[in-house]
Amino acid sequence: MKLKVFLWLLLMNRHNTKELLQKKNFIIQGGIHCVMCNSMVTENMLHLFFSCPFAQQCWQKTGIHWNLGMNHMSMIISAYKQFPHRFFFEVLAIGCWNIWRRRNDLIFNKIALNFDKWKTYFQQDFALHMHRAKEVDIPHWKSWLSNFS
């Protein structure tokens, strides 16, 4: 359920990124720039989940390619049509969820950003989510996950 809510918030652009918190008149300690890439780019939904170099490294691993010149919904629809597997939205939700968790670890727990940690948690979450897949689809999920390493 948490992934469904998380994905819905992503699609509605309602995650509490620094940009959104600033619009809600919150005081943002450390400024509104992305802490994951230190590039002086405002941390908004598109940057955090799709164009940040850390996020791009994550998506490259999954095989999802984003057209960053589109709005976020068109970009997601385009990637969905190009992704060769039926579990695109699961990969999208789990990938973004783990980017969000790594970002929060960095901000709140001062845990250094680590791609291998993202990959490990992604694999674990995907394997858990695989139990919800239809029996006929499980070999395909397992095959994709085994090639993920």
Side-chain angles (χ1 to χ4, degrees), residues 1-80 82-83 85 87-133 138 141-149:
M1 188 56 142
K2 70 181 176 186
L3 282 176
K4 285 183 180 182
V5 171
F6 185 86
L7 186 59
W8 181 84
L9 289 169
L10 178 80
L11 296 174
M12 298 295 114
N13 193 14
R14 292 291 180 235
H15 280 291
N16 282 329
T17 61
K18 291 182 175 188
E19 180 183 63
L20 188 61
L21 290 172
Q22 183 185 41
K23 287 180 183 178
K24 294 178 180 180
N25 295 317
F26 280 76
I27 297 171
I28 312 299
Q29 291 182 341
I32 63 167
H33 300 110
C34 179
V35 296
M36 294 182 5
C37 67
N38 297 313
S39 66
M40 301 305 288
V41 174
T42 299
E43 182 197 84
N44 59 31
M45 186 270 300
L46 278 174
H47 176 76
L48 176 64
F49 292 113
F50 303 105
S51 68
C52 177
F54 180 78
Q56 288 181 345
Q57 183 181 14
C58 298
W59 296 120
Q60 183 178 9
K61 186 66 180 167
T62 67
I64 295 177
H65 305 286
W66 303 108
N67 182 342
L68 299 173
M70 299 176 163
N71 68 50
H72 79 282
M73 288 302 283
S74 298
M75 184 178 71
I76 290 170
I77 291 167
S78 175
Y80 168 71
Q82 294 174 17
F83 193 69
H85 310 287
F87 45 82
F88 171 83
F89 286 102
E90 288 82 357
V91 173
L92 172 65
I94 294 167
C96 287
W97 169 252
N98 281 291
I99 290 170
W100 183 252
R101 289 177 60 199
R102 299 297 64 80
R103 174 240 189 222
N104 288 344
D105 274 350
L106 178 61
I107 291 173
F108 301 114
N109 302 322
K110 308 295 186 235
I111 297 173
L113 201 58
N114 183 315
F115 173 73
D116 289 330
K117 193 172 196 176
W118 174 89
K119 189 172 91 171
T120 298
Y121 281 111
F122 178 93
Q123 289 171 308
Q124 290 172 356
D125 290 344
F126 191 83
L128 285 173
H129 203 71
M130 190 175 4
H131 294 291
R132 300 178 57 91
I138 289 177
W141 286 55
K142 284 183 178 179
S143 172
W144 185 83
L145 188 58
S146 69
N147 292 325
F148 191 80
S149 321

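Annotation: the span from K117 atom NZ to N98 atom CG amounts to 11.0 Å, rounded to 0.5 Å. Distance check: W118 CH2 to I94 CD1 gives 10.0 Å after rounding to the nearest 0.5 Å. The distance from atom CG of L20 to atom CZ of R14, rounded to the nearest 0.5 Å, is 6.5 Å. A distance of 6.0 Å separates NE2 in H72 from CG in L11, rounded to the nearest 0.5 Å.
Nearest approach of K18 to H33, heavy atoms of both residues: NZ-O, 3.2 Å. Pairing each heavy atom of G63 with each of F83, the nearest pair is O-CD1, 4.3 Å. Across every non-hydrogen atom of A55 and F50, the tightest pair is CB-N, 3.9 Å. Of all the heavy atoms in R103 and N16, the pair that sits closest is NH2-O, 3.8 Å. Considering every non-hydrogen atom in both F115 and C58, the closest pair reads CE1-CA, 3.7 Å. V35 approaches I107 most closely through the heavy-atom pair CG2-CG1, 3.7 Å.
Here N44 pairs with nothing under the side chain to side chain donor-acceptor pair (under 3.5 Å) rule; sequence neighbours left out. S78 pairs by the side chain to side chain contact (heavy atoms under 4.5 Å, CB included) definition with M70, Q82, not counting sequence neighbours. Here S51 pairs with H47, Q56, L68 under the side chain to side chain contact (heavy atoms under 4.5 Å, CB included) rule; sequence neighbours left out.
Side-chain contact check for E43 versus I32: every heavy-atom pair is 4.5 Å or farther apart. Between W144 and T62, the closest side-chain pair of non-hydrogen atoms falls below 4.5 Å.
Paired with F126 under the rule ring pair (Phe, Tyr, Trp, His ring centres under 6.0 Å), one option of F148, W97, Y121, F87 passes, and it is F87.
A salt bridge does not link R132 to E90: none of the charged nitrogens lies less than 4.0 Å from a carboxylate oxygen.
Using modelled atom types and a 3.5 Å distance limit, the side chains of R101 and N104 yield no donor-acceptor pair.
Ring geometry for W100 versus H15: interplanar angle of 30 to 60°, hence tilted.
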